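FYI, side chains are in, hydrogens and waters are out, and symmetry mates aren't considered; it's all heavy atoms of this structure. Computed from a prediction, not measured in an experiment: that's the story for all the values here. Throughout, protein chains are lettered first and strands after them, A, B, ... in sequence-line order, and every chain is numbered starting at 1.
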2 protein chains.
Amino acid sequence: MPAIEKEIQDLEGYVLPHEGGKHLATIVLLPFRKDTWREEARPALSCFEKVIDAIRPFERVLLVIHPSFPVSLVTRFQKENVTILRLPYDDSWARDNTPIFLRKEEKLVGVDFGFNSWGGDYDGLYPDYQDDNLLGRRILLELRIPRHPRKDFILEGGNILSDGEGTILTSGECQLSKGRNPSLSQEEIENVLKKELNAKKVLFLPYGIFEDETDGHVDNIASFLDPGVVALATTEDKDDPQYERSREDLLYLQKETDALGRPLWIVSLPLPKPQYLTKEESLGLEKNQGVVERAEGRRLAASYCNFYQGKDFLLLPQFGVEEDKIAKQILEDYYQGRKKIIPIESREILLGGGNIHCITKEIPFSPLYPIEPEETK
Amino acid sequence: MPAIEKEIQDLEGYVLPHEGGKHLATIVLLPFRKDTWREEARPALSCFEKVIDAIRPFERVLLVIHPSFPVSLVTRFQKENVTILRLPYDDSWARDNTPIFLRKEEKLVGVDFGFNSWGGDYDGLYPDYQDDNLLGRRILLELRIPRHPRKDFILEGGNILSDGEGTILTSGECQLSKGRNPSLSQEEIENVLKKELNAKKVLFLPYGIFEDETDGHVDNIASFLDPGVVALATTEDKDDPQYERSREDLLYLQKETDALGRPLWIVSLPLPKPQYLTKEESLGLEKNQGVVERAEGRRLAASYCNFYQGKDFLLLPQFGVEEDKIAKQILEDYYQGRKKIIPIESREILLGGGNIHCITKEIPFSPLYPIEPEETK
């Protein structure tokens with residue numbers, strides 16, 4: 001009795017909602033790669049668990065657990081408001097290797113782009129990514145949500161921000177790089193994004209965060225706090241290579257307008273002081289052929305913009321530095337109690353190359369695709 | 001990172017424990033076949049849930065959910081003391097299509113026999129049973145329990161009862177039938193059972209229950225209450241075709257001894273009054289090519305011996321007849337408070353062709369193969 005797979009070609013009327021609305025659930029994939037996550041992923045696993053436990057009071061977590069995990073691990077994560085799926089994947093960046101969900105009234109569709117491990121043969125991070133590339137389809141099948149396939153176009157969810165009102169913000173540094181869709185011009189890429197995300201305007205931010213392994217995903221340097229309001233990661237340290245990058249981005253955003261013709265209100269979020277990989281952290285990683293090496297002293301792409309938000313909450317990365325509190329204060333001042341700002345120590349996720357936004361993916365709310373328990377008869 | 005599959009050939013020292021000892025968990029598979037379970041398996045599902053909920057206070061349930069179930073169903077069954085695996089199977093008779101677990105001190109092994117849907121081309125109940133046949137291997141891989149393969153020999157767990165002290169009780173009517181291992185003599189079959197279950201003595205009960213679709217599994221007509229003590233389903237109605245069958249079995253058991261040379265103490269469990277499939281029940285079933293048809297008026301193989309027990313509990317089938325209480329009283333008198341006797345209305349399982357014992361499979365306790373949650377670090 002196999003489930004039936006549905007496809008939708010025509011995206012007329014569908015919208016990529018702003019992340020800060022009501023969700024059906026948040027997708028999270030548990031970490032296991034020993035060459036991404038030090039000490040056999042044990043510290044990362046605890047950090048992911050903190051993220052899951054922070055989301056559970058607000059909305060359901062759709063937790064994907066790799067078949068290689070022992071069954072006792074499945075038991076550990078069978079918690080209230082967690083629904084577990086057991087599917088294969090190569091690494092646990094749900095933002096990037098799960099579908100991008102659009103909504104049209106109550107209907108959902110999962111746009112399923114190609115995934116090549118952040119650059120494929122050109123500068124990808126690991127050589128085997130076929131389970132990642134198939135994950136979107138597998139998840140949609142489980143959820144009975146129709147699929148809109150566009151596997152020939154390489155795009156990670158982490159390089160897309162949407163205001164839910166027709167504007168897509170992406171990083172040109174990443175999306176125009178040779179490791180993505182090198183045969184397409186910027187205009188052609190812009191047209192694909194407009195068509196497949198049903199957007200009216202695409203903004204190409206010049207730069208991401210310095211040394212970001214993703215080639216500079218937009219979600220590590222910016223975020224829509226609301227439609228019309230963009231948080232941008234900045235630094236006042238002119239000696240930091242990030243200084244000029246953030247300044248260029250700021251100048252770009254200041255002169256742009258969104259799909260509705262509004263100028264953008266920019267909220268500056270200071271970066272934490274530079275973070276580096278320690279010797280101990282580097283030694284805890286398995287070294288594998290063809291997988292990016294993470295050596296002692298490497299600059300980590302730490303940024304507060306890599307937060308994750310739902311309707312009533314915002315999970316904010318913390319690095320154990322004094323800027324932590326400043327970032328929290330800025331967001332609290334902005335949201336004025338509309339969302340609970342929840343700080344989470346997330347260096348263990350940062351060591352793997354991302355942060356809280358990178359390991360989460362929202363599914364916009366719809367009553368048509370139930371994940372909550374059916375009523376018992 | 002695939003899990004590593006281990007095989008064990010030599011069963012020296014391994015024992016098939018008596019069901020009434022401590023378990024690691026009970027395996028249950030949720031029902032879904034519309035041609036086995038009426039009304040798209042909804043009533044059966046609720047009955048399975050009652051069984052699961054009755055086991056949970058005593059031990060963990062390892063619940064296998066077919067990939068075709070919607071994810072909201074997974075959520076519904078994420079309960080305390082339930083660990084969910086999502087694996088394919090053809091029908092939900094865990095007794096028959098999951099491994100038979102032997103134990104040697106703390107080590108476990110799963111003996112993985114061939115499964116042919118209770119008779120294959122000769123008189124099997126459904127034509128496609130490859131997922132059933134592969135289920136044992138898949139479960140062992142999940143649990144990291146080594147496998148002892150013997151796929152060339154057809155045996156269902158429901159045709160095996162063990163006293164845990166070297167005695168195996170099987171039904172000759174079933175095990176010697178043409179739908180199992182027709183090229184082997186009784187002596188050869190006896191030798192396979194001795195070798196693959198590491199048993200010292202095999203008793204072949206002449207008959208199972210009249211009209212039992214399994215060709216008369218032993219677990220529907222008998223059960224070891226303890227080593228040396230056999231419950232046997234009997235009737236005093238000489239007009240019932242079951243009368244002579246049970247009488248032959250009783251005479252056989254009275255003259256036999258077990259592996260330790262003990263004569264067997266027989267506890268007679270009266271059968272419920274004959275039960276028949278109603279028109280409404282029959283009409284609720286989907287009719288499919290090659291699948292056994294269940295017509296109105298068919299005699300159902302109802303028996304109290306199809307109970308399931310653990311160390312501290314015993315789940316007893318109930319049919320809404322006055323014999324229900326008698327069976328309960330007999331077991332309470334026998335166990336004298338050692339086990340809680342829990343009556344469960346189970347006609348919906350009976351309609352599918354079995355009862356509580358048929359939908360459960362115990363894994364003997366061992367600390368080496370954890371299913372309980374790992375400690376959070």
Check whether more than 12 heavy atoms from other residues, nucleotides or ligands sit under 6.0 Å from atom CG of B/Asp128, and answer yes or no.
-> no

Using non-hydrogen atoms only, which part of B/Ile65 is less than 4.5 Å away from chain A: side chain, backbone, both, or neither?
-> neither

Please check if atom NZ in B/Lys287 has more than 12 non-hydrogen atoms from other residues, nucleotides or ligands closer than 6.0 Å.
-> yes

Shortest non-hydrogen contact between B/Arg76 and A/Pro373, atoms and distance | CA-CB, 3.5 Å

Is any residue of residues 83-95 of chain A within less than 4.5 Å of chain B by heavy atoms, and which ones?
-> A/Thr83, A/Ile84, A/Leu85, A/Arg86

Answer yes or no: are there more than 12 heavy-atom neighbours, outside B/Lys50 itself, under 6.0 Å from its atom NZ?
-> yes

Kindly say whether B/Ile371 contributes a backbone atom to a donor-acceptor pair with the side chain of A/Thr75 at under 3.5 angstrom?
-> yes

Nearest heavy-atom approach of A/Lys79 to B/Gln78 is O-NE2, 4.2 Å

Atom NZ of B/Lys311 with >12 non-hydrogen neighbours under 6.0 angstrom = no

CA sep, side-chain torsions, deciding dist, call: A/Leu62, B/Val71, side-chain contact (heavy atoms from CB on, under 4.5 Å) = CA-CA 9 Å; A/Leu62 187 68; B/Val71 73; 4.1 Å; yes

Which heavy atom of A/Pro370 sits nearest a heavy atom of B/Ser72, and at what distance?
-> O-CB, 3.5 Å

Distance-minimising heavy-atom pair for A/Arg144 and B/Pro70 = NH2-N, 3.7 Å

